[in-house]
Amino acid sequence: MSKVVLQNVTKKYSNNQTAVNNINLEVNDKEFIVLVGPSGCGKSTILRMIAGLEQVTEGKIYIDDKLVNHVPPKDRNIAMVFQNYALYPHMTVFENMAFGLTIRKLPKDEIKKRVTETAEILELQDLLSRKPKALSGGQRQRVALGRAIIRKPKVFLFDEPLSNLDAKLRVQMRTEISKLHQKLKTTMMYVTHDQTEAMTMGDRIVVINNGIIQQVDKPLKIYNNPANKFVAGFISNPPMNFIDGVISIEKRIVKFKSQHFTLNIGECGTEYLQELENQIVTLGIRPEDILVGNQAGDSHSADIELIEPLGGESLYYLHLNGVKLVVKSTVQIEKSEFKSVKISFKKDRIHIFYKDKPIC
Ligand code: ADP
């Protein structure tokens, strides 16, 4: 069993800046949990405190119900993989991967078996006799992963391990790490600023901003029911469109009115919305929840600023009476074909935020 628990954990650096602010988190045994948030939000600091590389300013960290605040890193049985890995330049790939096991004096046969196994998982079989300088960046990163895997630790901590890889290798390694998790069934905590990585890899996602946890949940829960505007905007790419307006009730129909357009939203949590009459709210709609062309519902005519065909779908950068909208659609329109396009909002995918919190 390897459970990680953070209780009211705060980290202040010497400049008195609060990098992590009163965090509570329970990572379950064998779980793959992803910490995601913009650069500087405190993700690495959280991992480093769990690894024992940073002291906790306040609060408690438990690994398997054991308080580890003062346990040195080497006794925590944790493996950490960084973006800036440091391989031993004078050692071969084999020796680099075997190093941790060699100092623990494991039998030679066992070391060879584990290096072979690990090299196979990471497709490093043909590179075992090379030195790091004869490897590409991606290959070096895989060796760094190998060094972590081979130790069979209780918990893996990954700090943006794929950021240095090219796009293709990144996607491949993402799948490899997910498969690795299924195979090893070890608790893994993974830090990234990339929402796609978070969505695709995590059993659960922890969204962090300014050192504070915004939401912890399964990927689709977070996507469908974001806890606030920050989460709504951060998860998914391109981000959610936000438009400010007011709630207005006319002839018992609840409407969202902005200076750009008016929309009937009567169905969406009507009783709460009625209480918000005349209040300023924000309507949120994801690019993929705006329909293009003559589809059902209230439609609006929007000017086309730019179309980016991605193949199966296209990104439309539109202007709707002064507000910019990004739309993702499978409808294919050639760039020069039209100047404007009809759009409509999927009613059941509309989010309304009042003072940053979702009403529906
Ligand atoms: P992330 O991993 O989300 O990019 P970090 O955990 O690295 O964020 O940093 C969180 C905040 O703490 C940032 O504002 C960063 O500048 C600050 N910080 C990180 N390390 C130190 C340090 N050693 N001394 C002072 N401030 C630090």
Side-chain angles (χ1 to χ4, degrees), residues 4-27 31-63 68-74 76 78-86 137 141 144-145 148 155-165 170 173-174 177 187-217 219 222 226-237 239:
V4 179
V5 176
L6 282 78
Q7 268 179 11
N8 303 104
V9 171
T10 290
K11 173 70 187 180
K12 286 183 184 168
Y13 285 107
S14 49
N15 53 6
N16 216 25
Q17 187 192 350
T18 306
V20 172
N21 194 345
N22 195 21
I23 277 192
N24 287 290
L25 181 65
E26 253 190 76
V27 184
E31 188 172 27
F32 195 121
I33 204 152
V34 178
L35 310 184
V36 68
S39 178
C41 73
K43 307 177 295 288
S44 301
T45 302
I46 296 172
L47 278 205
R48 293 172 62 79
M49 287 190 290
I50 296 168
L53 304 173
E54 290 290 351
Q55 286 295 313
V56 172
T57 311
E58 277 168 47
K60 292 174 178 163
I61 297 181
Y62 295 90
I63 298 173
V68 296
N69 284 39
H70 301 293
V71 175
K74 67 175 175 43
R76 295 191 186 195
I78 272 174
M80 191 152 172
V81 181
F82 301 93
Q83 178 184 350
N84 297 317
Y85 40 86
Q141 182 58 300
L145 277 176
V155 181
F156 284 100
L157 304 178
F158 294 103
D159 192 353
E160 306 243 11
L162 309 184
S163 321
N164 285 347
L165 309 184
R170 236 183 124 108
M173 289 299 293
R174 199 164 83 194
I177 293 177
T187 310
M188 293 188 176
M189 296 184 72
Y190 188 102
V191 157
T192 181
H193 62 272
D194 178 332
Q195 54 309 64
T196 311
E197 250 172 54
M199 288 289 287
T200 51
M201 296 177 88
D203 293 327
R204 283 191 304 158
I205 299 178
V206 183
V207 185
I208 303 167
N209 192 28
N210 286 331
I212 296 171
I213 292 185
Q214 307 291 315
Q215 189 170 8
V216 184
D217 217 326
I222 290 195
N228 55 40
K229 243 173 93 180
F230 173 81
V231 176
F234 191 76
I235 294 292
S236 84
N237 189 20

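Ligands are counted one by one from 1 in listed order, and the atoms in each one are counted from 1 as well.
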Checking N24, I61, V56 against Q7 for side chain to side chain contact (heavy atoms under 4.5 Å, CB included), the one that qualifies is N24

For the residue pair K60 and V9, what are the closest heavy atoms and their distance?
O-CG2, 3.4 Å

Specify side chain, backbone, both or neither for N15, according to which of its non-hydrogen atoms lie closer than 4.0 Å to ligand 1.
side chain

Nearest protein heavy-atom contact for atom 12 (O) of ligand 1: which residue, which atom, what distance?
A19 CB, 3.3 Å

Between K43 (side chain only) and Y190 (backbone N and O only), is there a donor and an acceptor less than 3.5 Å apart?
no

Students should be able to answer this: which protein heavy-atom is nearest to atom 14 (O) of ligand 1, and at what distance?
Q17 NE2, 2.9 Å

Tell me which protein heavy atom sits closest to atom 19 (C) of ligand 1, plus the residue, atom name and distance to 0.1 Å.
Y13 CE1, 3.3 Å

Protein heavy-atom partner closest to atom 13 (C) of ligand 1 - residue, atom, separation in Å:
G40 O, 3.6 Å

Which atom pair, heavy atoms only, marks the closest approach of V81 to A148?
CG2-CB, 3.4 Å

Surrounding CG of N210 (heavy atoms of other residues, nucleotides or ligands, distance under 6.0 Å), is the total greater than 12?
no

So which atom in E26 and which in E31 form the shortest heavy-atom distance, rounded to 0.1 Å?
O-OE1, 4.2 Å

Identify the closest protein heavy atom to atom 9 (O) of ligand 1: which residue and atom is it, and at what distance?
T45 OG1, 3.8 Å

If the cut-off is 4.0 Å to any non-hydrogen atom of C41, which atoms of ligand 1 fall inside it?
1 (P), 3 (O), 8 (O)

Closest approach of any protein heavy atom to atom 8 (O) of ligand 1, naming residue and atom:
G42 N, 3.2 Å

In terms of residue, atom name and distance, what is the protein heavy atom nearest to atom 2 (O) of ligand 1?
S44 OG, 2.6 Å

